[in-house]
Structures are given as structure tokens and as C-alpha cells.
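Shown next, in C-alpha cells, is the structure this report addresses.
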There are 2 protein chains.
Amino acid sequence: MSGLLDVIQSAGTRYRTATEFVEATLREAILSGAIAPGTPLRQEELATSFKVSRMPIREALRQLEAQALVDFEPHRGAVVVQITLLDAMDNYAIRAALEPQALRLSIPNLTAEDFEIAEDLIAEIDHEQDPGRMGELNRRFHMTLYAQAGLPRLIALTEQHLASADRYLRFHLAAVGGDMGQDEHREMLAACRIGDVERAVATLARHHGRASEAMQAFFRARDVSRD
Amino acid sequence: MSGLLDVIQSAGTRYRTATEFVEATLREAILSGAIAPGTPLRQEELATSFKVSRMPIREALRQLEAQALVDFEPHRGAVVVQITLLDAMDNYAIRAALEPQALRLSIPNLTAEDFEIAEDLIAEIDHEQDPGRMGELNRRFHMTLYAQAGLPRLIALTEQHLASADRYLRFHLAAVGGDMGQDEHREMLAACRIGDVERAVATLARHHGRASEAMQAFFRARDVSRD
DNA sequence: TGCCTGTCGATTGGATCCAATCTAACAATC
DNA sequence: GATTGTTAGATTGGATCCAATCGACAGGCA
């Protein structure tokens, strides 16, 4: 371990084990696209660049496998899972199931502070140019509205799949022409404020449906196979 | 490895690595309740009983951690996650979100063969006494109706959480007095046969709602803390 | 030419070993 | 008697080592 934990600990978030650090870093890299889909993840290579042995790498890869971020083939190693239209649709379908549920349960518990945070995030998204940060702000806006659902596993699962959506962000933005759906964000927030669960959920469904259709048309138009 | 893989390969399902075998076996044991919630999973102990070294054990435990079946605490090891009312409600909420989505997408693709299989499973459940097998049959019935959704991740995630529900099966059966909700099963299947998506989904929602409420009342009545 | 086969390097799966940390029991102090 | 410090054993995290498997390529054969 030696020098690694020092670096880790000086970097803000504290990780208690090398495995945790490797897992979090790799996940972030995969979700952001820093490591391209299809890239083979050589254990020895990762070990030297993380300055640890292969063991924490392997444990981290197993966790990422369970999160469906890498494919494992015995004696052939791990590969970053591809992005296909099917995967994108799959992700949308899962989010379209989980997010309304989370929202429905959360709305009754949302506070004035939550509304303020959500309001600020909408404003930030308006002024943001960088696609990567836009994705993060979008994620935080949605999670703010879901966070009071009171069921930790539901919230974690929702966040995980919302984060996975970042992998499709480039395509998403291209598909919808840079429109993050701010109108729907505002309408959702307004509905949450007055406790109108049905309208909030319906707006969210429209949000998902519109994005999903745009993405589908986009992929169909320029064929998936590349990238 | 030596003697282990022989045993594995003669046991029906073939596992390609010891890690896979350990992971599947432990998950099964946790879900069925063979390993009680709260049990610490000592790596050395598991290693000797599986007749492998600690390494495949560790990788398997990491995967189970990502599936929220064990809790990991640095330098303290893995523990089978507890069963609480909150967890049960969490699981219901997730299933209540995922399963209608899977069903909705699957119904248009269901074939006559699927209906036959589902029909047979309903009959089998009628005549089954053993709670463990009843849980499995119930799971297979539901999955049969979801299996044609066409989205692999959605299906896998649904199955995973349906399987997790087995952990609450004992409580579930006690709560509903042994009634697996066969009336609703029959109504769902009938609706699927005639392609009535809305009625099928509504019946499923009733199925979930009834089970969830019974479980909640049951836990409340006899307090969660024990078991 | 085209196909099969065997060998070699690369890479992973698993075993063993060492270091770091936690738990628990016990001693010392107030 | 309760609390705190200390130390030994148990247990995990990580490193290193060895064995098994895969892919590519070269050579033999029809």
C-alpha cells in the first residue's frame, strides 16, 4: 500500500481500503466515458497505474461486474460493457420504473430546503455548458426529489441507474439537441411543491418518454454499430 | 482447486471458476435462509468448507456485497444482511416498480407455450406444501410472464429482487396465512392471454399491495427485533 | 490453398505468505 | 468499582508466487 493511501487521503474523499478506491475510481471512469466501452481492463496494467497489486483490482472488478459495468469471461478478463441501443433502452426502462416509484414515495417528505436546492440546480443547469457537469447537475436534481423516499435500497438502485445513464449522455444530448428537458424539470418541481404527486409523476414519465424516443430515433438514424 | 471442480461438475450446473461456484452457492444459501441473517462469514472458515483458498471466497463476497446480500466492514469482514421491516418494504417497493414494467413490455410477446408453462406452474403451486419450493414455483411463474420483455438488464434485475423476496418468504407466508395469492395469479394469466395489459398490471399491483400490507401488519404485530 | 495441430507468450485464476487492524481479555490507575 | 491503557490472538487486506487457460502463429498434412 505505502504511498497510495496518502494520495487517496489527500484527495478529498477518504477511502478505507485500496479496493474501495479502485472500485470508485474505475466506476467513475467507466460512467464518464474516460475508459471507452469495449476496452479490455488488464489487471496487471491497472495494478501498476494504481500502484497496488492485482488483488484489490480483481475485487473491484468483481464488484463492477455485479453492477453490470464490465463483462467477465473466464481466463479472458474484464471488458468495459458496450453501449448499444438495447442497453440504452434497457436503462431507460429501468429508470422509468424506479424513478416514479421513488418520486411518489418521496414527495410527501420533501422540505422547503429540498425545493430550494432543486431550484438552484435548475438554474445551474441553465448556465452550464460542459456536458459532463450538466449530467451531474441533472442527476443531482433528480436525486434531490427522490432522496426523501425513505427506502435506502430503492434510492441507491435508482441513483445507480441514473448514474449509468451518464454513459449515454453524449448520445442523449446529440439526440435531443442539447435540451436537458428543463421545462419538464420546472413543471416537476412545481408539482412537487404543491404536493401534486400524480402530476409530478406524469411529468417525469413524459420526461423519460421524450428522451427515450429521441435516443431511439437518433441511434436508428446513424446506426449503432460504431462507437 | 483439485477435487472441488469434480464435485461441482458432477452436480448438474457447470461452473467455470471456483469464484462463480462460491458466489452462486452462498447466494442461494443466504436467500433460502440456510445461512441466517447476521451471521458473520469468516473467510478462512468458508475456504476450508469449500476446499478452496480464501481468494475465490473474497471475490465472491465482493459480488454479494454489490448485490446487497452481505455487509462489508473493513477489517471486520462480511456479515449476512439483517432482515428488517424496512428491508422488506424496500424490496416490495422495488419489485412493485420493476415487475409491472417488465410485465407490460413482455405481454405482447408472450406465446401459447408461455401460457401453458404458467398454467402448469399455478397448478403445481396448488399442490405444493414445502414453503421453499413454493417460493421457487412462485418465482418461476412470475418470471415466465416477464421473460419476454426483451430487455435483459430489466429482466435480470427483476429476477434478482424477486429472488431476494425469498428471504422474507417465511414472514410472508405467516403474514398471509399460507395464501400465495393464487386467485391473482389466475387473473393475471387470464389477462395476459387476452392481451389486456392494463388489467394484468392492475392485478399485479393488487398482488403486491396485498402482500406488502399483510407483511407490514405482521411485522408490526410481533415486533421486528427478533429473528 | 486450406485446415488441423502443437507450441509459446500473455494473462488470468488460485494458493500462499506477510502486514495491518480489530477484538477481547487483563492490568493499572483513579 | 469503573475506566483507561496494554498486549495477544484472531482475522482481514494486500503482495507475491505458481498453475491453468487462451490466442496467435508456425508448421505439417491432405
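Letters go in sequence order (proteins before strands), and every chain restarts at 1. Since the model is a prediction, treat every value here as computed from it, not as a measurement.
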Problem set entry | ring-ring contact (aromatic ring centres under 6.0 Å, His included) partners of A:His208, counting only residues at least two apart | none
Exercise. Taking only N and O in the side chain of B:Thr19, is any of them less than 4.0 Å away from OP1 or OP2 of C:dG14?
Worked result: yes
Could you list, one pair per line, each protein nitrogen or oxygen that sits under 3.5 Å from a nitrogen or oxygen of nucleotides 22-24 of chain D, together with the distance?
| from | atom 1 | to | atom 2 | distance (Å) |
| --- | --- | --- | --- | --- |
| D:dG23 | OP1 | A:Arg76 | NE | 3.0 |

Problem set entry | Base C:dG13 to side chain A:Arg54, donor-acceptor N/O within 3.5 Å cut-off | yes
Exercise. Rounded to whole angstrom units, what separation is found between the CZ atom of A:Arg62 and the P atom of D:dG13?
Worked result: 17 Å
Problem set entry | Any residue of residues 38-49 of chain A with a heavy atom less than 4.0 Å from an atom of DNA chain C | A:Leu41, A:Arg42, A:Gln43
Problem set entry | B:Gln63: side-chain hydrogen bond (donor to acceptor under 3.5 Å, both in side chains) partners, not counting sequence neighbours | A:Glu65
Exercise. Any idea which of C:dG14, C:dG13, D:dG14 is nearest the B:Pro56 side chain?
Worked result: C:dG14
Exercise. Taking atom C1' of D:dG13 as reference, at what distance in whole Å does atom CD of B:Glu65 sit?
Worked result: 14 Å
Exercise. Would B:His75 and A:Arg16 count as having a side-chain donor-acceptor pair, cut-off 3.5 Å?
Worked result: no
For this session: Write out all pairs satisfying salt bridge (Lys or Arg N to Asp or Glu O under 4.0 Å) with one or both partners inside residues 96-116 of chain A, taking only residues at least two apart or from two chains.
Result: A:Arg95-A:Glu99, A:Arg104-A:Glu198
Exercise. Could you state the CE-C1' distance from B:Met55 to D:dG14, rounded to the nearest angstrom?
Worked result: 9 Å
Problem set entry | Rounded distance (Å) that lies between atom C1' of D:dG14 and atom CD of A:Glu20 | 14 Å
Exercise. Counting only distance, no hydrogens or angles, is the base of C:dG14 paired donor-acceptor with the side chain of B:Arg58 under 3.5 Å?
Worked result: no
Exercise. Which residues pass the side chain to side chain contact (heavy atoms under 4.5 Å, CB included) test with B:Ala211, sequence neighbours left out?
Worked result: B:Tyr92, B:His172
Seminar exercise, completed: Taken in chain and number order and not counting sequence neighbours, the residues that satisfy ring-ring contact (aromatic ring centres under 6.0 Å, His included) with B:Tyr146 are B:His142
Problem set entry | Listed partners of A:Glu124 passing salt bridge (charged side-chain N to carboxylate O under 4.0 Å, His left out), at least two apart | A:Arg133
Exercise. To the nearest Å, how far apart are B:Phe21 CZ and C:dG14 P?
Worked result: 12 Å
Exercise. Taking NZ, NE, NH1 and NH2 as the nitrogens, is one of them in A:Arg153 or B:Asp87 under 4.0 Å from a carboxylate oxygen of the other?
Worked result: no
For this session: Please state how far atom CZ in B:Phe72 lies from atom C1' in D:dT12, giving the value in whole angstrom units.
Result: 9 Å
Problem set entry | Value in whole Å for how far the P atom of C:dG14 lies from CG of A:Leu61 | 14 Å
Exercise. For the pair made of CD in B:Glu73 and P in D:dT11, what is the distance, rounded to whole Å?
Worked result: 17 Å
For this session: Name all pairs fulfilling the salt bridge (Lys or Arg N to Asp or Glu O under 4.0 Å) condition that reach into residues 31-46 of chain A, sequence neighbours left out, sorted by first residue then second.
Result: none
